[in-house]
Structure formats: structure tokens, C-alpha cells
Amino acid sequence: MCHALLQDPKFFQVLLRIDEELAAEVHAGRCACGGVLHRANYPRKPRACPNEVRSDFASRFSFCCAECRQRKTSTSVRFLGRRVYLALAVVLGSARHAGQNPAAAGLSTTLAVPVRTLHRWRIWWSQQFPLTPLWQAHGPRFMPPVTRDRLPADLLERFAGDTTGQMMRLLVFLSPLTVTAVSLRAGR
């Protein structure tokens with residue numbers, strides 16, 4: 001089962017390595033103004049994170065331009081935007097909660113996620129996620145079509161591989177949602 005991934009330190013090490021590679025790509029580039037990017041990680045206190053890997057998940061990779069001081073944050077498979085829970089926990093908790101079954105309550109206890117938080121995540125998956133540019137661009141390509149009411153469980157099933165591979169591919173797919181696109185007004 002997917003929830004076994006929460007107890008697998010190797011899976012968390014792979015997530016960290018992917019995030020390090022994504023951060024290295026951002027760092028290798030330059031700021032839009034031409035300035036050099038310096039490391040300026042965000043401290044994080046992630047919930048639903050095993051104690052063995054907590055120190056590896058205590059910061060979000062980010063950079064700051066030496067010239068204009070603009071921040072440039074890399075995408076992430078460990079974090080889902082500004083949520084305090086790990087992306088893995090959000091996906092697992094939401095996928096299980098979609099069924100509204102006893103296993104969902106058990107996972108809620110295991111992750112220490114209040115049921116009302118699981119409910120908020122379900123609302124996000126069913127109402128807000130389908131409106132994201134990511135889903136608008138890629139959602140219709142999944143065959144058979146993903147059922148909106150069964151997100152993210154239906155989406156997870158569309159990725160090939162074993163459970164670990166499916167989760168990894170889903171987290172990579174969701175990674176563009178982990179950064180906010182900033183558009184500056186003309187003249188700025």
C-alpha cells in the first residue's frame with residue numbers, strides 16, 4: 001500500500017535527491033536581471049515527516065538574486081506549496097479520505113492529520129485543483145478520464161509502475177504547483 005511509503009526512509013531520500021536536482025537546475029541559471037543566485041532556503045517544520053528524515057526536510061530550497069534581491073524558488077516533490085504537511089501526506093490522506101472508509105480514519109491517526117484538514121484537502125482536490133493551469137493543460141490527456149470526485153486516487157492510478165513509481169511520478173507531475181508564478185506589471 002501507498003501508506004507504507006511513509007515508513008520508508010529510502011523513498012524520502014529519493015524525494016530529497018530529486019529536490020536537490022531541481023534546485024541545482026535553478027541555481028545554474030541566472031536571475032532575469034542577470035544577477036547571480038545565492039542560496040536562501042526557507043526553514044520548514046513539515047508535519048507527517050518521519051523523525052529519521054526530519055533534518056533533511058527542514059528547509060525548502062530557494063535562491064535570492066545578488067543584484068535585485070528577487071527570490072527564485074525551485075519546484076519540489078517534497079512540499080506542496082505552502083502547506084505544512086508533506087506533499088506525500090496530502091496525496092495519501094486525500095486519496096484515502098476520498099473513500100470515506102475506516103482506513104481513512106486510521107491514516108488520519110497515523111499522520112496526525114485532523115479530519116477537518118482532510119476535508120479541506122478533499123475540497124481543494126475536487127474544486128480548486130481542476131482549475132489550476134497544470135490540470136487545465138494536462139488533465140484532459142489522461143485516459144480513461146480522471147473522475148473529479150476521486151482525485152487524487154484516480155490520478156495516481158493513471159501513472160505506470162508499482163506503488164512507489166506511481167507516487168513518485170504523481171509528485172513530479174504536481175511539482176509545478178509548488179511554486180507561485182509571479183507576473184510583474186508592465187514597467188516594473
Side-chain angles (χ1 to χ4, degrees), residues 1-12 14-16 18-19 22 42 44-50 53 57 60 73-183:
M1 284 313 272
C2 282
H3 62 277
L5 295 175
L6 290 167
Q7 307 304 322
D8 185 2
K10 290 179 184 177
F11 185 75
F12 286 94
V14 172
L15 294 179
L16 177 63
I18 291 171
D19 269 11
L22 292 169
Y42 286 108
R44 298 293 301 258
K45 294 181 183 177
R47 295 186 187 166
C49 185
V53 297
F57 284 64
R60 171 78 190 267
T73 303
S74 63
T75 58
S76 175
V77 294
R78 298 178 301 155
F79 306 106
L80 190 56
R82 297 181 67 181
R83 287 176 178 79
V84 296
Y85 289 92
L86 295 180
L88 176 62
V90 173
V91 171
L92 287 176
S94 301
R96 276 296 176 95
H97 193 62
Q100 304 289 326
N101 58 27
L107 189 61
S108 171
T109 303
T110 301
L111 296 175
V113 179
V115 174
R116 69 180 183 274
T117 300
L118 290 174
H119 182 68
R120 270 197 320 273
W121 291 348
R122 293 290 317 129
I123 291 171
W124 182 82
W125 281 106
S126 65
Q127 295 175 12
Q128 295 170 345
F129 176 70
L131 301 177
T132 63
L134 173 71
W135 188 252
Q136 293 291 314
H138 299 288
R141 296 179 183 179
F142 287 99
M143 286 297 154
V146 174
T147 307
R148 191 176 190 166
D149 293 340
R150 291 205 12 92
L151 280 168
D154 254 16
L155 182 58
L156 182 63
E157 293 170 2
R158 298 305 184 272
F159 291 97
D162 61 354
T163 304
T164 303
Q166 287 177 311
M167 182 60 71
M168 192 66 63
R169 287 177 184 87
L170 176 59
L171 293 174
V172 170
F173 174 76
L174 296 173
S175 67
L177 295 175
T178 64
V179 292
T180 304
V182 177
S183 59

Hey, is the main chain of S175 close enough, under 3.5 Å, to the side chain of T75 for a donor-acceptor pair?
no
Only one of Y42, Y85, F12 passes ring pair (Phe, Tyr, Trp, His ring centres under 6.0 Å) with F57, and that residue is F12
Is the backbone of R44 close enough, under 3.5 Å, to the side chain of R60 for a donor and an acceptor to pair up by distance?
no
How far apart are the closest heavy atoms of P145 and R158, and which atoms are they?
O-NH2, 2.9 Å
Can you see which heavy atom on M167 is nearest to which on L92, and at what distance?
CE-CD2, 3.6 Å
F79 pairs by side chain to side chain contact (heavy atoms under 4.5 Å, CB included) with which of T178, L15, V84, L86?
L86
Would you please indicate yes or no on a ring centroid separation below 6.0 angstrom for F142 and F173?
yes
Which distance, rounded to the nearest 0.5 Å, do you find between the CG of L5 and the OG1 of T164?
4.5 Å
R83 side chain to P46 backbone, donor-acceptor under 3.5 Å
no
Quick check for you: to the nearest 0.5 Å, what is the distance between L177 atom CG and L171 atom CG?
11.5 Å
If only atom types and distance count, is the side chain of R122 paired as donor or acceptor with the main-chain N or O of D149 below 3.5 Å?
yes
Would you name the heavy atoms of D19 and V77 that are closest together and state the gap between them?
OD1-N, 2.7 Å
Checking side chain to side chain contact (heavy atoms under 4.5 Å, CB included) for the pair L174/V91: CA distance, chi angles, key distance, verdict?
CA-CA 10 Å; L174 296 173; V91 171; 4.0 Å; yes
Rounding to 0.5 Å, atoms CH2 (W124) and CG (L131) come to a distance of 10.5 Å
Specify the closest pair of heavy atoms between W135 and P140, including all atoms of both residues, with the distance to one decimal.
O-CD, 3.6 Å
So, R150 side chain and L155 main chain: donor-acceptor pair closer than 3.5 Å or not?
no
Could you please spell out the steps behind the side chain to side chain contact (heavy atoms under 4.5 Å, CB included) verdict for R78 and L16?
CA-CA 7 Å; R78 298 178 301 155; L16 177 63; 3.6 Å; yes
Search all heavy atoms of V179 against all heavy atoms of S74 and return the closest pair with its distance.
CG1-O, 3.4 Å
Can you see which heavy atom on M168 is nearest to which on F11, and at what distance?
CE-CE1, 3.2 Å
CZ (R47) with more than 12 external heavy atoms under 6.0 Å:
no
Between atom CG of L170 and atom CG of L156, what is the distance when rounded to the nearest 0.5 Å?
5.5 Å
